[in-house]
Each structure stands twice: as structure tokens, then as C-alpha cells.
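To start, the structure under review is shown below, and the notes come after it.
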Amino acid sequence: MSASRDDRNSARIPPSTATTSRPSRRSVLAGGAFVLAGGLLPGRLGSAAATPLPKATRALDLSSGFMDFRLLGPDKPASRISVYDGTPFKTIRARRGEVLDITYRNGIDEGTTVHWHGIRIQNAFDGIPTLTQPLVQPGGTFRYLVPLDDPGTFFFHPHCDETGQTGKGLAGVLLVEDERDPAFDAEHVLCLKDWRLADDGSFLAMSEPAGASKAGTYGATRTVNGQPVVELEAPAHGDVRLRILNLDSTRVMDIGVDHGDAALIAVDGHALPPILLDNLPDGVWRMGPAQRIDLHIRMPAAGGTVRLADYRQSSLYTFATLTATSATTPAATPAAHAPRPFRPFALPRPQVPRADLKRATRLSFLLQQATDAAVKETALPPDDPLAKALIDSLCVGSTTYWAIGQQSWPTGTRRNLPPPLAEMTTGRSYRVSINNGSRYPHPVHLHGHVFEVINSSTGRLPHHFADTVLVQPDEIVEIAFVAAPGDWVFHCHILEHMEAGMMGYFRVT
Ligand code: C2O
Ligand code: CU
């Protein structure tokens, strides 16, 4: 760290440089020079900045802002929620191989960034304030180059004051289609999120110490796509693809169906050999915040209904019903809608760099409560420019409750920025054990990589690819990946845990 001390001064960026002038779209599409906003954080980008930029294939505008939305019911007061492009859970559909050139404009009233969750992206576009880019101030813009190398169900969200901003709704869906995807009769996207609302529709405090230091602060208004429940139809005996996203800040859910033929076909967007839900522990997939699944549902005979629910609480929450209709889709053959054995469709196999498990470097990190005894003194003093820029960004939480590997991300009470959790080498394979030494589950996310979940001490998890993995109390989960260049944050996706210290980063050079 000390060698790059001078470079860190460049992290002290006046907020105004986050606003860049809008480059001409034509020059971008013609392959014109793509200049990183204000030459940001040159020292910190290091070798990542030297990697050639992918060539944009499609330009898009994206903005954030507020809207009034009736979450409490049609005759109850509306809530002022935060959204992208004027719509809750704005969805971008794209094709594998596209490189999106997204000009983002911040229309909310505080600084923010956009993080492309699960996308293997260059570090400069990863959306971490101070570490990879300056904060985008209200009215400011930032351009993101988002290469879509992997098909699947992804999402995007701010990475500053996430409990506040995502808590109020700021999250969008990014669906990457693949020409090899099997043909379903219907597809539905289901975004699960709870809201912390008072009776007058206003927001309650997003975080309470009692929650932040334990399982998290739950919302009481449960929704899917902003409604209490969605009622869908699909052709009798038809094949339905459901893309289910846990966009909640806090809640771990056990997703299952009440009966019928259903299979898990992807996790975090990445295909796995299909598993019948009936063959999963308790017949459900346990999904923490930020995790996604794709399900293949075979519809029953006309008039029959399949119910999807979160079975985690005894008062189960039914969030969607699918009713079989006698109408067929135009493309389907009559034979496709007769009763027949259920053979789940396999999605195209993930094509991500595969770690060399034999030669991989092994690392291990403990997730724990941040008692003073547990957390090491850290390297960077609070007046270090990078530490100071982070604190001044207001993107950090107020109190420290959590740690990873005996280190805590800065907060208002523990202002030191720790050194990287690990220094890694580009292209090398790593096996990382995540050991949950706390009493609460933690969905752990690594930026910029798709990792392989190779084992869990409970034997609960099938082998699969993911960007976020839920680690249960006393469980050890091992992941493996090939390191890509950059500073990549590694954190719990229970947003209050992240903001209360449960975040660190890997420096890959
Ligand atoms: Cu959805 Cu830092 O992540
Ligand atoms: Cu956590």
C-alpha cells in the first residue's frame, strides 16, 4: 500500500469532476475515443486502465429520479419512491455479446453511482465511489461501458447509501438473452422487495441499530413488482420461465411452489444442470438479497393454478399465481400442450474462466461481529486521502457492527480504511473459504467475477456458478475464481451489514 501513497492523493477529487460533458453518441458508435470521465483516479486504476476498452455496440441513456407510487394499496397514500427511467424495477433487455454504452444521469437528491451486479466488467465501470469512480452528484452524469459476455438474469443498483437509495426502490433489471436459450411459452420477471413504510406512505428509518447489528431491519410491506401479489396466466401444459430476483435489502427467502412440475435452471443468471425443486432441501431454494434464480415451471391442465411463495416464515407469503388457460401461444404446436413427462430445459452452459482448483491459492475469511477485540488496527489513518474521500462521500454507514477477516470497512465511528483483504495476481486461480462465525446468514458478493461454488460444509449447495452466495451461521462455503484486474469489493449484500463494516476488497494486479 505504501508504494502507492502519492497516487492516492488523486482520490481527492472535487465533486464537480464527476459531471462530465456528454460525448456524441455517433463518435462512440463509430469507435471514437472513449475517455474515462475526467481521467478519474489514475493512480488507483493502475493496470486496469491499460486494458483496452471493449467497443460499444449500443448506446443507452439511464436516469434516476423520484415518482409517486401506491405501495400501500389503491386507496392509501402514495409513497415517493426512487426509480430508474421513471418506472419501478426498470428492465433493460439485451443480447449476449452486446456492449452497452450507458450514459447515466443522476436525478435523485444525493450522490450515487451505478453498480452492474454480476457483470464481468472493467474495474473503472464497477461503480464503487472513491475506489473506482468519483461519486455522481445530483444532476451529474457518468458513462458506463457494460459488456454482456454472460447470458442471464442480472440487476443494477446504486453503491452509495444503498440502504437509503435501494431501500426506496432504486434498482433495475438487466436481462441478457442468448440465441441458444430454449423456447418457453411464457416468461415472467418477478422482483421481490419489501418496503419500510408508515401508514401515511412515508418511509420509516431504513436501518435501526437492533436490526443492523443482527439479521437486519425488515420492511413490513411485502411486494413483487411493486404489488402485493401478481396473478399471471400461461397456456395449459405450457413451459414457463420465471426469473426471480431478491431485490430486498435484508430478507432471506425460501422460494418454492405449492405443487406441480418445477425446476431450478439457473442461479444468479448462470445455468446449472436442472434440479427439481422437490429434490432441494425442504423443496425450496434459499435466496438472500441480490441473489436471482430462474425456474422452469410446467403448467397444469386448464384451470389449474401454481402458487409461488416464500416459505421461510410460518405465515407464508404467496407472491405469484400462475393459472393455466386453454389458449395456446401462436408458436406452439398442439403436441406441446398435451400432458407429457416433465423434462426441465437446460440453459446454455456458463462460459466463464474456470479456476484451476489444484493449483489455486487458498484464502480464508471469517465473517464476524466487529468487537474491538476482533478487529485489527488498520493501516490507513482517517486523514489518508482515500479514507477521507470515502468518509466525506457520505456513502458509508454510521456505526461499525461487522467485519470480514478481522477488518471493517470505514463508518462514521471507525474511520480507518483497511488495506486490501488480499493482493492477487491477474489470471491466477483462487479458492476462497467464507466462514460464517456469526449467528446470522450473510449473502456474500464479489464484484467483477463469476465464481464457482465448490462446496459448503453443510453439503447444502449444489455445484454452481454465482456472483453471490448465502453463507449460513456456522457454515463454511468455498468459492473459486480466476482473478481479473482491479480493486474488487467483497461484501455482504444485506445492505446494513455492508454499510456497518462487512465489506473489504481484493486488489488484483
Ligand atoms: Cu449488488 Cu456491491 O453489490
Ligand atoms: Cu450480512
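The figures here come from the full heavy-atom set of this structure, side chains too, leaving out hydrogens, waters and symmetry mates. Just so you know, ligand 1 is whichever comes first in the structure, and atom 1 is the first atom listed for that ligand.
In terms of distance to the Cu ion (ligand 2), the nearest N, O or S atom of His497 is named ND1. Closest approach between the Cu ion (ligand 2) and any N/O/S atom of His442 involves ND1.
Annotation: Arg349, atom CZ; neighbour count of heavy atoms from other residues, nucleotides and ligands within 6.0 Å does not exceed 12.
Note on His157: counted as a metal contact of atom 1 (Cu) of ligand 1, an N/O/S atom lying under 2.8 Å. Atom 1 (Cu) of ligand 1 has no N, O or S atom of His115 under 2.8 Å away, backbone or side chain. Among the atoms of His117, an N, O or S atom is found under 2.8 Å from atom 1 (Cu) of ligand 1.
With no hydrogens or angles considered, no side-chain donor-acceptor pair links Thr217 and Arg196 at under 3.5 Å. For the residue pair Asp126/His115, the side-chain donor-acceptor check at 3.5 Å is satisfied.
Panel note: side chain Tyr144, backbone Val114; a donor-acceptor pair is recorded below 3.5 Å.
Atom 2 (Cu) of ligand 1 is the vertex of the angle joining NE2 of His491 and NE2 of His447, which measures 110° to the nearest 10°.
By the 4.5 Å heavy-atom criterion applied to side chains, Arg105 and Asp61 are not counted as neighbours.
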